[in-house]
Every structure is written in C-alpha cells, then in structure tokens.
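Reading through the structure tokens given below for one structure.
Proteins come first, then strands; the chains are lettered A, B, ... in the order of their sequence lines, and each starts at number 1.
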Amino acid sequence: MFHGRKRASLSFSLFLAGAALAIPAHAEPPARVMSLNVCTDQLAMALAAPGQLVSVSFLARDPDLSPLHREAERYPVNRGMAEDVFLARPDLVVTGTYTLHNTTQLLKRLGFRVEEFSFVQTLDTIPRDIRRMGALLGREEKAEAMAADFEAGLAEVEADRCEPRPTALAYEQNGVALGKGTLADTVLAAAGFRNLAAEEGVEGMAPFPLELVVEKKPDIVIVPGGDGDAPSLGAFVPRHPALRALPATRIGAFVPRGSWSCGGPAVLEAVKALHALRREIKSCEAPPLPAPLPLEGRGKGWGSARSAPKKNSLTPCGLTPTPNPSPQGAGLSHMDFEFLIGPPPLTPPLKGEGDSEVSAPPSPLRGGVRGGGPGEAEQRLHPYAIALPQGGREPVRAAVAPPCGEAP
Amino acid sequence: MKPLALNLALALLALALFLASLAVGPAELGLSESVRGLFAGGGEAASIIMREIRLPRALLGLGIGFTLGLAGAVLQGFLRNPLAEPGIIGVSAMAAFGAVAVFYSGLAGAALYALPAGALAGALAAVLILMALAARNGSTLTLILAGVALSSLAGALTALVLNLSPNPFASYEIIFWLLGSLKDRSIEHVWLALPLMAAGWLLIALSARAIDALSLGEEAAASLGVHLGRTRFLIVAGVALGVGAATAVAGTIGFVGLVVPHLVRPLTTRMPSRLLLPAGLGGAALLLMADVAVRLVLPAGELNVGVLTALIGAPFFLWLVVRARREVF
C-alpha cells in the first residue's frame with residue numbers, strides 16, 4: 001500500500017544520514033511543530049506536548065494508513081503544501097524523505113527548519129525513529145518510555161518464536177508482494193513466519209505472479225483489509241479465485257487495519273496479531289511427520305484433522321499456559337532478558353505506549369483490530385500434516401532467544 | 001484459397017496458439033502436468049493454475065480476438081472504409097470510459113458485473129454517433145476524424161474519472177483501460193464477457209448477406225431487398241455488444257480489428273460476408289499470439305498486450321494511410 005511506495009526507492013543510508021543530523025537534546029524544544037507525512041504524524045501525535053503540534057497531514061485521518069486516525073481528528077490537517085507551512089509559520093517541520101521532496105527543498109530555502117525521517121523502515125528503525133522524534137520535540141522521556149516499551153514488546157514476541165516457521169505472503173493490490181527490505185518482511189520474521197516473497201527474491205515491492213503464489217502455496221496470504229470505499233481493479237487480484245482455491249492457505253487481512261502501513265509503535269500490533277496467528281496455525285516443534293500425505297487428501301475434509309496433532313506436550317514452546325516462561329529465559333544472558341520475564345506474553349497490547357498526557361480517546365489503535373481472529377476473512381482450517389520445508393534464513397535478531405526446542 | 005480451407009487453416013492456427021497460451025506462464029509446469037491439471041480435479045497447484053488462471057486467460061484471448069477481428073471486418077464492409085476499426089473509430093475508448101464511469105464511481109458497489117453494463121452503454125453511444133455522422137457523409141476522412149475526436153474525449157474522461165476516485169490506486173489503472181491486458185483474469189470474467197460477445201457474433205452474422213449487397217451502394221442494396229434499418233440495427237448492436245463486453249474485461253486492445261481483415265482479405269473472394277469468419281479466427285490467432293509474446297518478453301513485469309498490438313498495428317495503419325493516399329490522389 002502507501003507505505004511501500006514511500007519505502008520503495010529509498011536506501012537505508014538516507015536514514016543514517018538523517019539520524020546523524022538530529023539536534024542536540026538540550027536545545028529549546030520547538031513550540032510549533034507541523035507534520036507533513038502520515039508516518040511522522042503518528043510519531044508526532046504520540047509524543048508531542050499539548051498544543052505543540054500545529055497540524056498533521058490529511059492522510060492522518062485515513063484509517064487504512066494511519067493507526068492514530070481518531071487522534072488525528074483533534075488536529076487541523078494540512079495537504080503538505082509549502083503554502084500551508086508558510087501560513088502556519090512552524091518552528092519545526094517534520095516530514096518523510098521521499099514524499100513531497102520538492103516541498104522540502106522549497107521550505108529549506110525559505111529558512112524553515114525541516115527534519116526528514118526516512119521511511120525505509122524495518123522493525124529496527126522504529127525505536128530509533130521514536131527516540132529521534134522525542135529528541136526533536138523535547139520529549140525525550142516519553143519517547144524513551146515508548147521506544148523501550150516497543151523493544152520490550154517486540155523482544156517478548158520474538159522470544160516466543162519457534163520452528164517450524166510457516167510461509168507467509170503479504171500480497172497487495174495488483175498482485176504486488178512485499179519482499180526483502182520492507183517493514184512487512186521484518187514483521188513476518190519477528191512473528192515467526194518465513195516471507196515467501198523474500199525467499200523468491202523479491203526486493204522491496206515487486207509484482208509477484210499469481211501462478212507462483214499458487215505454485216508455492218504459502219500457509220497464509222495477507223491481503224489488504226477493508227474493502228475501502230472506492231473500488232479498484234487492482235483489489236481483485238489478491239481475491240482471485242485461484243487463491244481461494246488453495247485448500248490449505250489462509251487468506252485474510254490478519255493485521256489490524258493500518259497497523260503496519262507506517263513504522264511506528266502500532267507495528268507491534270501487527271507483530272502480535274501475526275504471532276498469535278502463527279501459534280494458531282502450527283504447533284511448535286511438531287513431531288516429525290512420516291511423509292507428506294497425498295495431495296488428493298487435502299480437500300475440504302481436512303478441517304477435522306485440526307483437533308489432532310497441534311498440542312505437543314513434549315516441548316510446548318511458547319504455548320505454556322503459565323505466563324512466565326522461565327525455561328526460555330534460562331539460556332539468556334542477554335540484556336533483553338528482563339523483557340522476557342516481564343508481563344505475560346500476548347496480553348492485549350494497546351496501552352503502555354507511555355502516553356499519559358495525550359489523553360487518547362478510548363483506543364485509537366484498535367480501530368479495526370481483531371486481525372487474525374477467526375472469521376476475519378475467508379478462513380480455512382489448516383491441515384497440520386503437510387510437510388514443512390525447513391531451512392530458510394534465520395529471522396532477524398534470532399540471538400535474543402534460542403529456538404524453542406533448544407531450551408532445557 | 002477455398003473458403004473452407006482458409007477457415008480451417010485459421011482455426012487450426014488459433015487452436016495452436018490457444019494451446020500455446022495455456023502452456024506459457026511463470027509457473028513452470030511440464031506438459032503432462034499441465035494436461036493433467038487441466039482435466040483432472042483436486043486442489044493441486046497445477047490444476048488451480050491451469051483452470052483458474054491460464055484457461056480463463058486463453059479463453060478470453062480467443063473470444064476477444066475473435067470479437068475484435070469480426071468487428072473490424074464488419075465495420076470495414078458496412079462503412080465501406082478500409083480504416084474502420086473499433087479502436088480507431090473510438091468504440092473501444094468509449095466502452096472503456098463507460099466501464100470506468102460505472103465501476104469507479106461505485107454506482108454498483110465493487111461488483112464486476114457493473115463493468116459490462118457501462119461498457120455496453122459506452123460502445124453503443126459511440127457506434128450511434130459514428131453511424132449518424134457516417135450516414136450523412138460517407139467519406140473516409142469524416143469517420144476517422146470523428147473517431148479521433150471520440151477517442152480523445154473518451155480517454156480524457158476516463159482519466160478524469162480515475163483521478164477523481166478516492167482510491168489512490170485507481171489512477172494507475174488508466175494503463176489497463178488505455179492499453180488493455182489479459183493478466184490475472186479469472187473465470188468470472190469469462191462468464192461475464194463470453195455470452196455477450198457470442199450474442200454480438202450472432203447479430204453480426206445475421207447481417208452478413210446485407211453487407212454483401214451494401215458493397216454495391218445503399219440504393220442498389222435497397223433494390224435487392226435489403227432492409228437498411230434492420231441491417232444497421234444488427235451491426236450497431238452486434239459491435240456494441242461484442243466490443244463492449246471485450247473492453248469491459250480486458251481494456252482497450254487496439255488495431256487487431258484493423259490489421260486482421262486486411263491480412264486475410266487477399267485470401268478470400270473479397271465478398272465482405274466471406275471475410276467475417278476468417279477475420280474473427282485471424283483476430284483470435286493474433287491476440288493469442290500477442291498475449292503469449294508479452295508473457296515471454298517480460299515474464300515478471302508483463303507488458304500490457306495492448307502495447308504489443310499497437311506496436312504491430314500502428315505502423316500498419318500508417319502504411320494503409322499512405323496506400324490510400326496514393327490510390328485517392
């Protein structure tokens with residue numbers, strides 16, 4: 001979707017360049033801040049002091065792109081035009097490096113202070129972006145708390161990953177897949193999936209032929225949620241009958257609406273939703289299966305197989321009913337250790353972004369949540385008996401926790 | 001060449017290209033695997049790929065190519081104009097605009113069946129406007145100029161509707177509507193378009209005898225007992241149905257209807273009615289060939305098939321113009 005276009009043609013080095021320019025923390029915090037980009041909107045709305053944020057971009061009110069779209073109703077919106085900025089006379093403009101590049105140049109020439117955030121984003125860049133925005137707004141403490149919460153939540157989910165990792169495909173409008181280097185790729189890895197597109201060599205966003213999706217039979221296909229209000233032909237591709245005909249593939253939105261369109265705190269919602277889905281479709285350390293069952297057997301009747309093999313009583317990786325997975329922590333001398341014995345895994349997230357002052361409306365992040373829950377879209381029970389391809393790349397940050405099976 | 005032999009040869013060519021279309025795609029399926037996938041059931045990947053992806057595509061290539069070739073032949077015969085073709089005279093462009101207007105404005109929700117309804121209305125409007133113009137003034141130039149104006153207008157209106165759509169992806173889809181494609185069509189599209197196109201073929205076939213008589217001029221034809229009003233209705237309705245349905249599911253695919261009748265005409269008795277079937281079969285073969293080629297040239301990105309037909313057809317069109325000038329002046 002949108003996020004991908006922003007991400008698409010940027011290189012990571014741009015982000016590093018931008019980070020190096022961050023202002024010293026002791027500077028006077030800007031009194032009037034304007035955000036021109038839907039992704040900086042998220043960070044600015046979450047971190048700004050009351051009255052500090054003058055306006056956000058108009059896209060901040062779009063629930064498909066903006067997790068904080070309800071919050072955004074409380075701010076005036078701008079269209080990202082230089083004229084908007086000129087009239088508002090902000091002390092600081094925050095925007096993305098890719099969108100509105102001409103506007104940015106113009107504003108700099110006019111003497112405005114413009115801070116650009118790269119939106120080549122992965123899970124690793126998010127805490128950095130949060131801290132940087134905090135530093136820019138003079139809200140370091142709050143940003144630190146939010147970033148730490150994010151890292152803790154992420155580490156908790158990542159510690160809970162296990163083999164085998166099912167394959168997933170993030171399939172967007174017109175059959176475009178999210179491949180290596182995208183935020184979605186890191187989210188899938190963190191949630192314990194293998195990204196089919198990345199394994200097939202897709203870099204960034206690129207068309208992924210429908211035939212290949214059918215041939216590779218991913219375990220889940222994540223399609224754009226919400227019909228949107230306006231039709232487009234591209235929206236038909238992820239809903240092509242050929243995908244629906246795959247007997248063992250689950251197709252759905254799965255991630256909360258808008259949660260991974262920007263690299264912000266809300267991405268954790270997507271990680272958690274996908275992690276819950278991953279637990280639902282495959283048990284950890286499934287006992288070795290004799291042989292793949294004949295393909296003919298994979299018709300509709302397979303739903304009933306569901307009750308059989310998933311609970312592996314030997315090494316219940318991550319599925320421990322007790323919230324305190326001490327066996328996993330035992331092998332860790334890592335600084336992330338504290339996160340692992342923190343709150344029980346997968347408690348509904350939401351709060352805890354450290355926003356005590358923003359007086360958020362009930363739950364802006366939960367707009368259309370419930371991703372991954374049954375009944376979200378076309379659901380199929382997963383036949384557990386399919387042979388699982390092993391190998392593939394190690395997920396990012398695998399060092400945080402050993403694979404579940406290795407825990408004592 | 002004997003009509004039967006010609007039709008048989010073209011039908012075999014179209015069939016061969018139809019099978020080639022079934023065999024080409026990014027998933028590398030072996031021959032036996034494809035055949036088994038096509039005819040055996042089950043949820044196997046090969047079967048899904050063959051039945052849900054490649055078969056609809058090949059069927060649409062066959063049906064749309066036949067429609068465009070036939071429409072070109074009947075329009076050239078009826079209007080006595082060698083340059084008449086649904087794409088050039090603006091029928092396809094108007095059909096695309098009609099489909100776009102109905103679909104993207106959300107009039108019928110996001111339902112696929114809204115597309116042919118809009119496209120038929122657009123194509124019908126275009127044919128009626130052109131008939132009104134061409135009936136008064138039979139010159140080649142008037143018709144082509146009117147077609148150019150109609151095409152530009154329809155293209156601009158299409159762009160307008162797509163830009164006004166609140167869906168940010170809609171405006172990218174103008175490429176599909178201006179330079180059609182058969183990519184990622186499903187069997188739903190086949191059911192949507194094929195019956196309408198078949199009805200169009202039938203209506204055009206019914207007008208065959210009349211257009212033979214019309215080649216002698218309208219008065220002569222009337223004296224031979226041809227009912228002009230009826231003929232006009234059959235052709236207008238037939239072309240609108242066929243081109244409308246084709247455009248609704250595949251966008252504007254130009255020049256097939258122009259090139260094919262000229263290619264096969266020398267092989268026929270030059271009676272307009274004898275041209276219809278060969279032109280349809282030739283159109284099917286040409287479109288299938290182009291659609292196979294776009295999948296081979298750029299397997300990943302995949303070129304729009306309309307780009308290829310335009311690359312073939314536009315130089316041909318220029319050559320026809322040059323030749324026509326030499327003959328007229």
Measure A:Val237 against the heavy atoms of chain B and call it side chain, backbone, both or neither at under 4.5 Å.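 When you check distances to chain B, only side chain atoms of A:Val237 fall under 4.5 Å.
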Surrounding CG of B:Leu160 (heavy atoms of other residues, nucleotides or ligands, distance under 6.0 Å), is the total greater than 12?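 Yes, enclosed.
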For the atom pair [atom1] ([X]) and [atom2] ([Y]), what is the distance rounded to the nearest 0.5 Å?
X: B:Arg185; Y: A:Phe236; atom1: CZ; atom2: CZ; answer: 9.5 Å
X: A:Ser232; Y: B:Tyr172; atom1: OG; atom2: OH; answer: 12.0 Å
X: A:Arg239; Y: B:Ser186; atom1: CZ; atom2: OG; answer: 12.5 Å

side-chain hydrogen bond (donor to acceptor under 3.5 Å, both in side chains) partners of A:Arg61, counting only residues at least two apart: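 In terms of side-chain hydrogen bond (donor to acceptor under 3.5 Å, both in side chains), with neighbours along the sequence ignored, A:Arg61 is linked to no residue.
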Identify, with sequence neighbours excluded, every residue that meets side-chain hydrogen bond (donor to acceptor under 3.5 Å, both in side chains) alongside A:Glu200.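 Once residues adjacent in sequence are excluded, A:Glu200 has no partner under the side-chain hydrogen bond (donor to acceptor under 3.5 Å, both in side chains) criterion.
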Is the backbone N or O of B:Ala27 less than 3.5 Å from a side-chain atom of A:Glu215, with the two atoms forming a donor-acceptor pair by type?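 Checked: no pair found.
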Is the backbone N or O of A:Gly234 less than 3.5 Å from a side-chain atom of B:Glu173, with the two atoms forming a donor-acceptor pair by type?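 Yes; at least one donor-acceptor contact below 3.5 Å.
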Thinking salt bridges, do B:Arg54 and A:Glu211 make one under a 4.0 Å N-O criterion?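 A:Glu211 and B:Arg54: salt-bridged.
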In terms of heavy-atom pairs under 4.5 Å with chain A, which of B:Asp184, B:Ile187, B:Leu29 leads?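 Max contact count across the listed options: B:Asp184.
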Side-chain heavy-atom pair A:Leu233, B:Leu115 within 4.5 angstrom cut-off: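 A:Leu233 vs B:Leu115: side chains touch.
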Under 4.5 Å between any side-chain heavy atoms of B:Ile53 and A:His240, yes or no?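 Contact flag for B:Ile53/A:His240 side chains = yes.
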How close do B:Ile48 and A:Pro247 get, counting heavy atoms only, and between which atoms?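 Looking at all heavy atoms of both residues, the closest pair is CD1-CD, 4.5 Å.
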What part of B:Ser165 is in contact with chain A, defined as an atom under 4.5 angstrom from a non-hydrogen atom: side chain, backbone, both or neither?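 Contact with chain A involves the side chain of B:Ser165 alone.
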